[in-house]
Trainee: 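Below is a structure I'd like to ask you about.
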Amino acid sequence: MKLLILFLFLLSTPLILITTQDTDDFVNQLDPKLLGLRKEEKLSHFKLYWHDIVSGKNPTSVVVVPPPPSNMNPTTAFGMVNIIDNPLTLGPELSSKLVGRAQGLYASTSQSEVNLLMAMNFVITDGKYNGSSITILGRNPTFNKVREMSVIGGSGHFRFARGYAELRTHYFSPKTMDAIVEYNIYVLHYSCSDAIHKRLLNLLLITLALYILFLPF
């Protein structure tokens with residue numbers, strides 16, 4: 001009797017994991033549910049302000065490789081590399097609520113215009129996505145009104161993320177070289193929090209199945 005109950009119970013329980021051995025010893029095919037990935041993704045929009053602070057006693061953007069002396073066009077700063085740990089805020093004012101940090105680098109990669117290659121992690125430090133990060137990579141011709149870069153991945157809630165970011169300069173000082181840039185980021189990603197809950201539910205269902213198996217009838 002209890003075997004019949006257990007059989008009917010397992011029929012109603014979702015399959016947790018299926019793995020198949022690939023042709024190579026170091027590669028396995030996994031059921032995405034193992035990583036808590038749902039079939040459907042969701043699209044999230046983040047609007048943040050990126051503060052590139054070059055001046056003052058505590059800059060968040062520092063030159064680690066200056067332009068070479070042989071640079072024929074000093075206005076482009078060709079060859080310069082900056083490392084950044086820039087504040088991300090909800091509003092354009094630096095005093096606005098801090099919600100993350102942009103950590104990475106940018107390099108001047110054009111001899112004819114001001115153009116940056118940017119590689120950054122947007123590390124979220126507030127709210128639901130605290131501790132997760134979005135990775136952004138791309139070309140940034142800084143004097144264009146609107147620029148676009150790619151979201152190539154992330155961590156935490158943004159594992160397997162993809163999308164793009166639109167950039168618009170909100171403020172720039174030619175004297176100090178400080179800048180404030182508005183970022184509108186559109187990210188397709190899975191909901192890891194829901195996935196964790198599902199794994200906990202599966203664990204509970206397995207425990208109940210074992211309990212039924214050992215019932216004394």
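This structure is a prediction, so every number in the text was calculated from the model and none was measured.
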Trainee: Would you say I84 ends up clustered with L167 if hydrophobic residues are merged whenever their side chains have heavy atoms under 4.5 Å apart, either directly or through other cluster members?
Mentor: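 Shared cluster, yes.
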Trainee: Without swapping roles, check the side chain of S96 against the backbone of G91 for a donor-acceptor pair under 3.5 Å.
Mentor: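 Looks like yes, one N/O pair under 3.5 Å.
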Trainee: Check whether any side-chain heavy atom of Y190 sits under 4.5 Å from a side-chain heavy atom of F158, and report yes or no.
Mentor: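 Not in contact.
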Trainee: Roughly how far, to the nearest 0.5 Å, is the CE atom of M177 from the CD1 atom of I53?
Mentor: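 CE of M177 is found 14.5 Å from CD1 of I53.
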Trainee: Please tell me whether I134 and Y106 are part of a single hydrophobic cluster in this structure, the criterion being side-chain heavy atoms less than 4.5 Å apart.
Mentor: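 Per the 4.5 Å side-chain linkage, I134 and Y106 are co-clustered.
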Trainee: Scan side-chain atoms only and decide if H189 and S44 contain a donor-acceptor pair under the 3.5 Å cut-off.
Mentor: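 Yes, a side-chain donor-acceptor pair sits under 3.5 Å.
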Trainee: Any side-chain heavy atom of V99 within less than 4.5 Å of one from L48?
Mentor: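 Result yes, sub-4.5 Å side-chain heavy-atom pair found.
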Trainee: For A77, is there any backbone N or O sitting under 3.5 Å from a side-chain donor or acceptor partner on S108?
Mentor: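 Checking the backbone N and O of A77 against the side chain of S108, a donor-acceptor pair under 3.5 Å is found.
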Trainee: Side chains of D178 and Y171: any donor to acceptor distance under 3.5 Å?
Mentor: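 Distance-only check fails for Y171 and D178.
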Trainee: In Å and rounded to the nearest 0.5 Å, what is the OG1 to CZ distance from T135 to F122?
Mentor: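 Answer rounded to 0.5 Å: 10.5 Å.
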Trainee: So how far is it from S61 OG to D52 CG, rounded to the nearest 0.5 Å?
Mentor: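 Result: 4.0 Å between the selected atoms.
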Trainee: If the plane angle is over 60° it's perpendicular, under 30° parallel, otherwise tilted; pick one for W50 and Y183.
Mentor: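 It falls in the tilted class, 30° to 60°.
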Trainee: Between R168 and E166, is there a side-chain N and carboxylate O pair less than 4.0 Å apart?
Mentor: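 Yes, charged N to carboxylate O under 4.0 Å.
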Trainee: Using a distance-only test with no angle check, is there a side-chain donor-acceptor pair under 3.5 angstrom linking S110 and T76?
Mentor: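 No donor-acceptor contact under 3.5 Å links the two side chains.
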Trainee: Are side-chain N/O atoms of Y49 and E182 paired as donor and acceptor at under 3.5 Å?
Mentor: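 Yes.
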Trainee: Is there side-chain contact between N82 and L116, with at least one heavy-atom pair below 4.5 Å?
Mentor: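 No. Closest side-chain heavy atoms not under 4.5 Å.
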Trainee: Once you round to the nearest 0.5 Å, how far does CG of L105 lie from CD1 of I83?
Mentor: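 It comes to 4.5 Å.
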Trainee: What I want to check is whether the side chains of T169 and R147 have a donor and an acceptor closer together than 3.5 Å.
Mentor: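 Result is yes, a qualifying pair exists.
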Trainee: Would you name the heavy atoms of G79 and P68 that are closest together and state the gap between them?
Mentor: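 Closest approach of G79 to P68: CA-CD, 4.2 Å.
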Trainee: Are V181 and V151 linked, directly or through other ILVMFWY residues, by side chains that come within less than 4.5 angstrom of each other?
Mentor: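 Same cluster: V181 reaches V151 through Ile, Leu, Val, Met, Phe, Trp or Tyr contacts under 4.5 Å.
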Trainee: Working to the nearest 0.5 angstrom, can you tell me the gap between S133 OG and N121 CG?
Mentor: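 Output value for this atom pair is 5.0 Å.
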Trainee: Would you mind reporting whether T89 and H51 have side-chain heavy atoms less than 4.5 Å apart?
Mentor: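 Side chain of H51 against side chain of T89, heavy atoms only: contact under 4.5 Å found.
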Trainee: Are the side chains of V54 and P59 in touch, meaning some heavy atoms are under 4.5 Å apart?
Mentor: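 Heavy-atom side-chain distance check fails, nothing below 4.5 Å.
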Trainee: Between the side chains of T125 and N130, does any donor sit under 3.5 Å from an acceptor?
Mentor: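 No.
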Trainee: Under 4.5 Å between side-chain heavy atoms, counting indirect links through other Ile/Leu/Val/Met/Phe/Trp/Tyr residues: same cluster for I124 and L90 or not?
Mentor: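 Yes.
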Trainee: On a heavy-atom basis, which atom in P92 and which in I180 lie closest, and how many Å separate them?
Mentor: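 In terms of heavy atoms, the two residues are closest at O-CD1, 3.4 Å.
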Trainee: Working to the nearest 0.5 Å, report the span between CG of L88 and CD of Q103.
Mentor: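 Spacing of CG (L88) from CD (Q103) equals 9.0 Å.
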Trainee: Indicate, with yes or no, if Y164 and L188 share a hydrophobic cluster defined by side-chain heavy-atom contacts under 4.5 Å among Ile, Leu, Val, Met, Phe, Trp and Tyr.
Mentor: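 They do share one cluster, since a chain of ILVMFWY contacts under 4.5 Å joins L188 to Y164.
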Trainee: Could you walk me through whether L117 and L137 pass the side-chain contact (heavy atoms from CB on, under 4.5 Å) check?
Mentor: CA-CA 8 Å; L117 168 66; L137 176 70; 4.3 Å; yes
Trainee: For the residue pair N115 and R139, confirm or rule out a side-chain donor-acceptor distance under 3.5 Å.
Mentor: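 A donor-acceptor contact under 3.5 Å links the two side chains.
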Trainee: Say whether N86 and T60, considering side chains only, have a donor N or O and an acceptor N or O under 3.5 Å apart.
Mentor: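 Yes - a donor-acceptor pair under 3.5 Å links their side chains.
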Trainee: Check the pair K47, H45 against side-chain contact (heavy atoms from CB on, under 4.5 Å), reporting the backbone distance first and the verdict last.
Mentor: CA-CA 7 Å; K47 183 177 180 180; H45 169 226; 4.3 Å; yes
Trainee: Compare every heavy atom of M120 with every heavy atom of A102, then report the nearest pair and how far apart it is.
Mentor: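 Heavy-atom minimum between the residues: CB-SD, 4.4 Å.
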